[in-house]
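Before any comments, here is the structure.
Counting starts at 1 for both ligands and their atoms, in listed order.
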Amino acid sequence: CLLVLCWFYVYPVYRLPRDKDVTEEVLRQGDAWTKNQTGIDLFRKLLTECCDPGRMFAVTKENSPLGKVLWYDGEFYHSHTVNNETYSLFVQDNPLQLPLKKCAVVGNGGILRHSKCGQDIDQADFIMRCNLPPVSKQYTEDVGTRTHLVTANPSIIEKRFQNLLWSRKAFVDSMKAYGSSYIYMPAFSMKPGTDLSLRAHYALSDASSELTMLFANPEFLRTVGKFWKSRNVHAKRLSTGLFLVSLALGLCEEVTAYGFWPFSMGLDGQPISHHYYDNILPDKWFHAMPEEFMQLWQLHKSGTLRMRVGHCP
Ligand code: CDP
């Protein structure tokens, strides 16, 4: 018996509620949401203290001068020393007009399908999307059309655009869907991602694209990771969506999140796909999306962040 007690002491058990319980809780709450300005201010203060998103979210000439060592956040003991080539690709300073007012963070969850949230999303002042998602006509009713910042993982460049070795035009053309937004790439998270991100930058600038490339600052990604680790998110790496929600909570006056529902059943108990556009599942050991969801849901209940799950009225 003593042994069991020791075990619990050393390895506390973090029990996640069952999907069914989460669904019931979300349904019980319904559409009710009351903004809590004190909660919003407090959370922004916490994020500013830990991670300084306004200054640090992107690699800039100001925070990463020539010779600065950028430590990769996704790999141990790898770094990039800022040189003439990379420095010339950094923006001068944080390009966003802060604070941003109403922000929408759009996750890629299948819950968005048939949600009719497109209009709602498009009404936000600043719209963030994850991983170059499709925003073509067949989806706009559910996910909207406007984008101000979209993340692009280098692995997408590798898989979808064959490392940009011979399909630069296809890449540049498909980026037109995001208008004149910022494309936010974690260029210094994993070593192989650096070349791919630089190549994406060159492809866009050679084609005089309207998009502006921003490289995610690995220091920011690391501090945000630590921030959530201390709040019981036990993932090897945070999901892109949680990074973006954290960024938005640090930069915006009000944040609404859409498409965050990492469960296999919808609110009506029917199976749903993982993404609104396909059903390719994530690597379970890498992300801890249900754990993340519970954190976001707590913020929703406290009036700090608004989560839209299911239909938009
Ligand atoms: O690259 P990653 O697996 O993080 O993301 P994704 O599948 O492209 O989806 C973008 C984000 O939406 C994720 O990072 C999650 O935060 C969120 N998501 C969710 O909450 N529920 C889902 N079923 C799918 C995505």
Side-chain angles (χ1 to χ4, degrees), residues 16-17 19 22-23 25-26 73-74 103-115 117 121 127-135 139 142-144 147 149-161 174 177-178 183-187 189-190 192-193 196-197 216 221 224-225 227-228 231 233-249 255-268 270-300 305-310:
L16 267 176
D19 296 10
V22 182
T23 307
E25 149 103 25
V26 170
D73 62 295
C103 294
V105 182
V106 188
N108 289 338
I111 195 84
L112 268 173
R113 211 166 183 165
H114 310 304
S115 68
C117 286
I121 292 171
I127 301 166
M128 307 186 187
R129 300 183 192 269
C130 307
N131 296 327
L132 303 179
V135 284
Y139 302 112
D142 296 330
V143 305
T147 304
L149 182 146
V150 60
T151 69
N153 208 302
S155 65
I156 305 180
I157 306 292
E158 181 192 343
K159 291 185 194 128
R160 222 190 284 170
F161 301 103
S174 79
Y178 309 107
I183 170 164
Y184 187 56
M185 290 194 77
S189 288
M190 311 280 261
L196 289 167
S197 305
L221 301 180
V224 172
F227 177 85
W228 285 108
R231 280 167 176 75
V233 176
H234 300 95
K236 202 167 157 204
R237 194 168 171 77
L238 296 184
S239 77
T240 312
L242 188 58
F243 274 121
L244 280 194
V245 171
S246 313
L247 178 63
L249 288 169
V255 183
T256 308
Y258 303 80
F260 287 77
W261 185 255
F263 308 107
S264 52
M265 300 285 180
L267 290 176
D268 56 3
Q270 296 300 313
I272 49 168
S273 56
H274 181 60
H275 293 135
Y276 66 82
Y277 47 86
D278 71 23
N279 197 22
I280 299 172
L281 296 174
D283 181 344
K284 277 222 165 59
W285 297 109
F286 206 57
H287 290 322
M289 282 190 202
E291 234 171 40
E292 294 184 355
F293 178 86
M294 295 317 295
Q295 293 292 330
L296 297 178
W297 187 248
Q298 287 307 318
L299 290 176
H300 173 85
L305 157 78
R306 184 168 197 189
M307 299 274 285
R308 302 291 325 224
V309 181

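- Each of the following atoms of ligand 1 lies closer than 4.0 Å to a heavy atom of Gly107: 12 (O).
- Note: Phe263 and Trp261 have perpendicular aromatic rings, judged against thresholds of 30 and 60 degrees for the angle between ring planes.
- Contact annotation: for Thr240 versus ligand 1, heavy atoms closer than 4.0 Å belong to both the backbone and the side chain.
- At a heavy-atom distance under 4.0 Å, only backbone atoms of Trp261 (N, CA, C or O) approach ligand 1.
- Nearest to atom 8 (O) of ligand 1 by heavy-atom distance, out of Asn131, Ile272, Val245, is Asn131.
- Annotation: salt bridge (Lys or Arg N to Asp or Glu O under 4.0 Å) contacts of Asp73 (sequence neighbours excluded): Arg237.
- Around atom 13 (C) of ligand 1, the closest heavy atom drawn from Met289, Glu292, Met307 belongs to Met289.
- Under a 3.5 Å cut-off, the side chain of Arg129 and the backbone N or O of Val143 do form a donor-acceptor pair.
- Remark: Ser239 OG to Leu244 CG distance equals 8.5 Å, nearest 0.5 Å.
- Scored by the side-chain contact (heavy atoms from CB on, under 4.5 Å) test, Thr256 finds Tyr258, Arg306, Arg308 as partners (sequence neighbours excluded).
- Nearest residue to atom 18 (N) of ligand 1 from Cys130, Pro290, Gly259, Gly241 is Gly259 (criterion: closest heavy atom).
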